[in-house]
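Here is the naming used below: chain letters follow the sequence lines, and residue numbers restart at 1 for every chain.
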Amino acid sequence: MSTDLAKAYEPKDVETRWYTYWTENNVFAASDAPDDTRPTYVLPMPPPNVTGSLHMGHALFCTIEDILSRYHRMTGHNTLWQPGTDHAGIATQLVVERLLQREGTSRHDLGREKFIERVWQWRVQAGDRILEQQRVLGVSADWSRSKFTMDPDLSRAVSEAFVRLHREGLIYRDTRLIYWDCEARTVLSNLEVENEPANGELFEFAYPLEDGTGEIVVATTRPETMLGDTAVAIHPDDERYKALHGKRVRHPFVDRLIPIITDAELVDPKFGTGAVKVTPAHDFNDFATGKRHKLEEISILNPDGTINAIGGDFAGMDRFAARKAVKKALDEKGLARGTKPHQLVLPRSERNNSIVEPMISTQWFVRTAPLAEPALAAVREGKTRIIPEEWSKTYEHWMSNILDWCISRQLWWGHRIPAFHCSGCAHITVTTDESPKACETCGSTDIHQDEDVLDTWFSSALWPFSTLGWPNDTLALKRFYPASDLETGYDILFFWVARMMMMGIHFMGEPPFKRILLHGLVVDETGEKMSKVKGNVIDPLDLIHGATFEQVVEKALPGAPLQEALKKFKKAYPSTAQMGEGFAAYGADALRFTLATYSPQAKRIPLSPKKIEGNRNFCNKIWNATRFALTYLEGARVGATAPPATLLANRWILSRLSAVAAASRTGIDDFRLDDASLGLYHFFWGELCDWFLELTKPVFADRTSAAAIETRDVLAYTLEAALRLLHPFVPFITEELWHRLPRPESPPLSLGLAHFPDDTVAPRDAAAERDMAVVQAIIGAARSVRSEHEVHPGAEVPLTLRTDDAELRALLTSQSVAIRTLVKSAGDPTIGPREAERPRGAVMSVAAGVEVLVALVGLVEGHKEAARIEREIKKAEKDIAALEKKLALPSFADKAPPEVVAESHAQLTALRDKRAGLEHARKIAAELD
RNA sequence: GGGCGGGUAGCUCAGCGGCAGAGCGUCGGCCUUACAAGCCGAUGGUCGCAGGUUCGAUCCCUGUCCCGCCCA
């Protein structure tokens with residue numbers, strides 16, 4: 001035990017030291033030993049992108065999940081928080097491609113094999129950075145089990161899953177319309193495409209009729225696609241075009257006759273000209289129309305987005321150049337019929353923001369309907385609960401309308417599809433064998449592996465069991481599947497969570513988790529999404545270690561003029577206006593605590609630097625409260641149960657401790673970390689520091705008294721338990737302080753392994769809470785009078801308390817030292833019945849049925865006091881009137897529950913009493929002048 | 001167009017049938033020997049609008065206006 005604490009909390013001294021201690025002592029390790037009979041708590045961590053670096057979203061989930069993990073460890077659970085990283089196909093490939101670009105080369109120059117080698121190199125170099133950064137936050141995952149989705153064992157799980165699904169007919173290969181990313185040159189699943197509204201134009205042009213008798217005018221936002229048109233559609237009932245049924249038009253650029261078809265589904269006669277060009281190979285609606293009418297599907301694009309040979313004169317042009325060229329050519333032929341401004345929706349790649357093109361392509365798909373059904377049932381039947389519950393509606397809606405999942409990607413970095421094409425018979429051999437010798441049908445040895453890799457989400461879908469050794473039947477799998485909770489952002493509910501549900505149920509026979517916990521998105525203080533473009537990104541490490549605003553914005557808006565970047569940043573975070581030159585080193589605990597106090601049901605979490613500062617102050621409060629306590633705790637005995645308490649303040653704080661322990665547990669159990677953390681904040685600061693510590697001061701004046709010894713033991717016990725309660729939220733500071741405090745016999749080597757208190761930590765004492773509330777109300781009333789009359793905080797003034805309730809008088813007498821100290825009255829308060837003599841020139845207030853008289857003669861102006869009392873009387877009268885009106889209603893007395901009626905009567909009596917007292921006070925205010 | 005959510009103090013948000021809350025901000029007073037990263041006190045709300053149910057509505061229902069997000 002040591003008392004040499006610095007005057008203020010310095011997080012950086014403490015944080016790295018304890019993190020090392022925890023890992024050296026295996027505090028975070030889960031056990032799959034068969035003789036370990038503890039209940040398990042399993043939480044798979046969303047694996048961050050292996051080449052990424054820590055951002056606020058990571059900080060948020062790490063905080064939440066660390067709280068859950070530490071809490072369960074402290075409640076006796078064999079806790080596995082499963083960490084790892086994700087290979088993140090497109091994202092990682094893009095990073096390395098950009099690197100190569102800077103070196104003046106490209107992946108195509110390198111070739112597939114060399115390129116993949118290069119990515120592995122990069123992964124080794126950059127891949128552990130994010131894991132190191134997670135440690136800074138205090139992440140208590142079992143690092144010894146850390147996995148990477150491209151590890152050999154996880155890769156095996158991927159090919160095993162693919163092969164099994166294929167064998168079961170749940171994976172198939174098909175040619176259909178997909179979204180194509182021309183920049184990355186790969187297919188994307190529909191989930192990876194974002195539809196963004198944009199201002200564009202509607203271009204109208206005419207197709208001449210084959211027979212030369214006229215023309216038909218169509219409208220389009222993508223003129224270049226007319227190169228692939230194979231029909232013009234009109235509504236069957238549209239009178240304007242009745243004469244054209246069955247006719248054909250001539251394509252102006254390529255030698256093709258195009259039928260005019262009638263289709264009631266595609267055509268809205270009120271939109272545009274009522275005639276629609278149909279391009280089945282480049283539009284989803286047209287594709288469906290094409291199927292209905294057996295139209296030819298003509299693809300006009302190369303994989304890189306240039307026009308292919310079908311486009312004739314336009315071949316080789318980029319799609320956007322071709323758009324201009326087609327318009328110009330139509331104009332030259334006299335077929336252009338003008339443009340109109342038009343609101344359209346552009347599909348963009350979620351990854352590189354490029355506009356994606358619907359294209360006909362052969363890809364691999366997962367048949368989702370049979371997988372979705374049990375995943376839907378699991379949530380409906382409550383086998384898996386989604387919290388906050390609102391999200392289950394979204395889950396239900398999506399799962400019920402799920403589309404087949406395109407899982408192939410034309411990338412090099414990822415799990416290569418375990419399918420081998422035969423050049424002989426064209427059969428595809430699907431096998432977990434990495435290099436099969438021959439085609440399984442014709443025996444030809446001329447086979448080659450599919451060039452494509454799998455969607456990254458395919459491997460993450462297996463995460464809850466692939467990390468535990470599946471498909472092997474391991475001890476870990478037996479013990480740790482299914483997981484208890486899955487905690488992640490709602491934005492990947494479909495991408496990841498839903499797919500884990502489907503795969504988990506399919507391969508393991510039961511859902512992968514008992515609960516799905518979803519949090520919101522961290523955004524800037526004004527509610528805007530964080531992005532490099534907006535310059536409002538905050539690096540969590542800058543909040544932990546400190547940074548000037550110049551340093552912050554250099555990262556937030558790289559390359560921009562400093563003043564401009566600063567302006568943008570400060571606008572995004574108005575609270576920084578009051579924060580000087582930058583962020584102080586707030587420490588990981590302050591950041592964590594702040595993130596924990598946001599409600600999980602909020603979709604947006606507007607990060608406020610000022611709040612973090614406030615919670616740094618809270619950490620400092622914890623630090624100083626302990627520093628204060630330590631000076632009195634020498635020789636304190638801390639047992640396994642609460643020490644006996646006879647004094648009101650001691651009984652009260654133990655009772656409050658018990659209440660906050662129960663509330664903390666409920667909060668964490670219900671995934672209301674905001675309730676739990678704010679409750680602890682209020683207990684520690686508002687009750688323990690503001691009241692209890694202040695009340696101990698007069699008691700400790702004589703350290704040898706029985707009262708002081710009892711108080712010392714209660715203080716030691718309460719503080720130790722409070723640190724245990726706070727530990728999951730603020731692990732560093734609590735661990736540091738805990739080791740300096742008197743603790744129960746043979747404590748565990750880390751606070752992280754101590755027991756998280758529950759309501760048995762101390763007796764609940766309703767009488768103590770009630771009595772203390774009276775004392776607090778009276779002290780508050782006296783302080784209020786003092787402050788309003790601007791009595792100097794150091795001045796001691798006589799205090800008189802009057803009540804006709806003898807029990808109350810006894811209580812006040814027993815607490816007279818406490819009242820004297822906290823009110824700073826001149827001597828003990830004079831306590832008597834109402835008719836007792838009152839000091840001349842006293843200002844009176846009424847609290848808890850007690851008249852509180854502060855003698856201020858000569859210090860106060862009477863008329864001011866009279867005015868103050870008048871205001872109070874008005875307030876009381878308003879409340880009285882409202883209550884009287886309510887009670888006068890016969891319906892209220894008849895229909896409201898009796899306890900509510902009785903309560904109202906009691907309130908009315910108390911208020912009338914108060915009014916009488918105040919009226920009296922108004923009279924005596926005259927004496928003050 | 002379909003679905004989901006939200007509108008409560010100056011700001012950010014809890015609360016969701018029985019006296020409207022927190023943090024921050026603002027204002028006033030204090031360097032009171034744990035903490036000025038602090039202490040004490042105060043100010044601040046037609047709970048988006050209109051109906052309805054109820055003894056009683058911020059809370060439940062209906063309508064309506066705004067604002068988000070997701071899916072087409």
Give the rounded distance in Å between these two atoms: OH of A:Tyr490 and P of B:C71. 11 Å
Validation: residues 586-594 of chain A side-chain donor-acceptor distances under 3.5 Å, sequence neighbours left out:
| from | atom 1 | to | atom 2 | distance (Å) |
| --- | --- | --- | --- | --- |
| A:Asp589 | OD1 | A:Phe732 | N | 3.3 |
| A:Asp589 | OD2 | A:Phe732 | N | 3.4 |
| A:Asp589 | OD2 | A:Ile733 | N | 2.8 |
| A:Arg592 | NE | A:Phe729 | O | 3.0 |
| A:Arg592 | NH1 | A:Asp66 | OD2 | 2.7 |
| A:Arg592 | NH1 | A:Leu137 | O | 2.8 |
| A:Arg592 | NH2 | A:Asp66 | OD2 | 2.7 |
| A:Arg592 | NH2 | A:Pro728 | O | 2.7 |
| A:Thr594 | OG1 | A:Ala590 | O | 2.7 |
| A:Thr594 | OG1 | A:Asn615 | ND2 | 2.8 |

Do nucleotides 16-21 of chain B as a string where each nucleotide becomes B, S or -: B if the base has a protein heavy atom under 4.0 Å, S if just the sugar-phosphate does, - if no protein is that close. --BB--
Sugar-phosphate means primed atoms, P, OP1 and OP2; the rest is base. With that split, encode nucleotides 24-36 of chain B 5' to 3' as B, S or - using protein heavy atoms under 4.0 Å. SS--BSS-B-BBS
For a quick check of understanding: with a heavy-atom distance under 4.0 Å over all strands, which category does A:Arg783 fall into, base, sugar-phosphate or nothing? sugar-phosphate
Going by atom type alone, with no hydrogens or angles, which donor-acceptor pairs under 3.5 Å involve a side-chain atom of residues 890-905 of chain A and a protein atom two or more places apart or on another chain?
| from | atom 1 | to | atom 2 | distance (Å) |
| --- | --- | --- | --- | --- |
| A:Glu903 | OE2 | A:Gln907 | NE2 | 3.3 |
| A:Ser904 | OG | A:Val900 | O | 3.0 |
| A:His905 | ND1 | A:Val901 | O | 3.4 |

Between P of B:A37 and OH of A:Tyr586, the distance in whole Å: 12 Å
Ion pair present between A:Asp670 and A:Arg672, side-chain N to carboxylate O less than 4.0 angstrom? no
In this structure, how many angstroms lie between the P atom of B:C13 and the NE2 atom of A:His682, rounded? 23 Å
Would you mind reading off the distance between A:Phe284 atom CZ and B:C71 atom P, rounded to a whole angstrom? 14 Å
My understanding is that only residues two or more places apart in sequence, or in another chain, count here; which of them pass side-chain hydrogen bond (donor to acceptor under 3.5 Å, both in side chains) with A:Arg912? A:Glu884
Taking B:C59 as the reference, what is the distance to B:C16 when you measure between their P atoms (whole Å, please)? 13 Å
RNA chain B base-pair string [pairs: Watson-Crick or G-U under 3.5 Å; |: paired with another strand]: ((((((((.[[[[.)..(..]]]].(((((.......))))).....[[[[[..)....]]]]]))))))).
Under a 4.0 Å N-O cut-off, is there an ion pair linking A:Glu687 with A:Arg656? yes
Nearest-angstrom distance from the residue atom CD1 of A:Ile612 to P of B:U12: 17 Å
Does A:Lys571 have more than 12 heavy atoms from other residues, nucleotides or ligands lying within 6.0 Å of its NZ? no
Output the rounded distance in Å from CE (A:Met579) to P (B:A37). 13 Å
Between the protein and nucleotides 3-7 of chain B, list the N/O to N/O atom pairs that are separated by less than 3.5 angstrom.
| from | atom 1 | to | atom 2 | distance (Å) |
| --- | --- | --- | --- | --- |
| B:G5 | OP1 | A:Lys393 | NZ | 2.8 |

Under 4.0 Å between a side-chain nitrogen and a carboxylate oxygen: does that hold for A:Glu396 and A:Arg380? yes
Contact class for A:Phe618 (heavy atom, under 4.0 Å): base, sugar-phosphate, or nothing? nothing
Find the distance A:Phe494:CZ to B:A72:C1' and express it as a whole number of Å. 13 Å
So A:Ser784, base contact, sugar-phosphate only, or nothing? Heavy-atom distance under 4.0 Å. sugar-phosphate
Same-atom distance (C1') from B:A42 to B:A9, integer angstrom: 15 Å
Take the protein atom OH of A:Tyr395 and the nucleotide atom C1' of B:C70, then report the distance between them rounded to whole Å. 17 Å
Taking the same atom, P, in B:G15 and in B:C60, what whole-Å distance lies between them? 12 Å
Those residues at least two apart in sequence (or on a different chain) that pass side-chain hydrogen bond (donor to acceptor under 3.5 Å, both in side chains) with A:Ser599 are none
Residues in salt bridge (Lys or Arg N to Asp or Glu O under 4.0 Å) with A:Lys7, at least two apart? none
Between A:Glu694 and A:Lys697, is a salt bridge (Lys or Arg N to Asp or Glu O under 4.0 Å) present by the stated rule, with each step listed? CA-CA 6 Å; A:Glu694 293 306 322; A:Lys697 287 177 180 177; 3.3 Å; yes
Between the side chains of A:Asp404 and A:Thr368, does any donor sit under 3.5 Å from an acceptor? yes
From the list B:C55, B:G41, B:A37, which nucleotide is the closest neighbour of the side chain of A:Ala8? B:A37
Give a yes/no answer on whether the side chain of A:Asn615 brings an N or O atom under 4.0 Å of OP1 or OP2 in B:G23. no
Nearest-angstrom distance, C1' atom, B:G45 to B:U58: 11 Å
Just jot down the side-chain hydrogen bond (donor to acceptor under 3.5 Å, both in side chains) partners of A:Ser575, sequence neighbours excluded, or say none. A:Glu525
Would you please name every residue forming a salt bridge (Lys or Arg N to Asp or Glu O under 4.0 Å) with A:Glu796, sequence neighbours left out? none
Just jot down the ring-ring contact (aromatic ring centres under 6.0 Å, His included) partners of A:Phe583, sequence neighbours excluded, or say none. A:Phe549
Mind checking A:Arg786 for me? I need base, sugar-phosphate or nothing, with any heavy atom below 4.0 Å counting as a touch. nothing
When the P atoms of B:A36 and B:A22 are considered, how many whole Å apart are they? 25 Å
B:G28 and B:G56, which share atom name P, separated by this distance in whole Å: 45 Å
Quantified in whole Å, what is the C1' atom distance between nucleotide B:C4 and nucleotide B:C11? 27 Å
So which one's nearest nucleotide on RNA chain B is more toward 5', A:Ile779 or A:Ser891? A:Ile779
Salt bridge or not between A:Arg222 and A:Asp283? Use side-chain N to carboxylate O under 4.0 Å. yes
Separation of the P atoms in B:C13 and B:U8, to the nearest angstrom: 10 Å
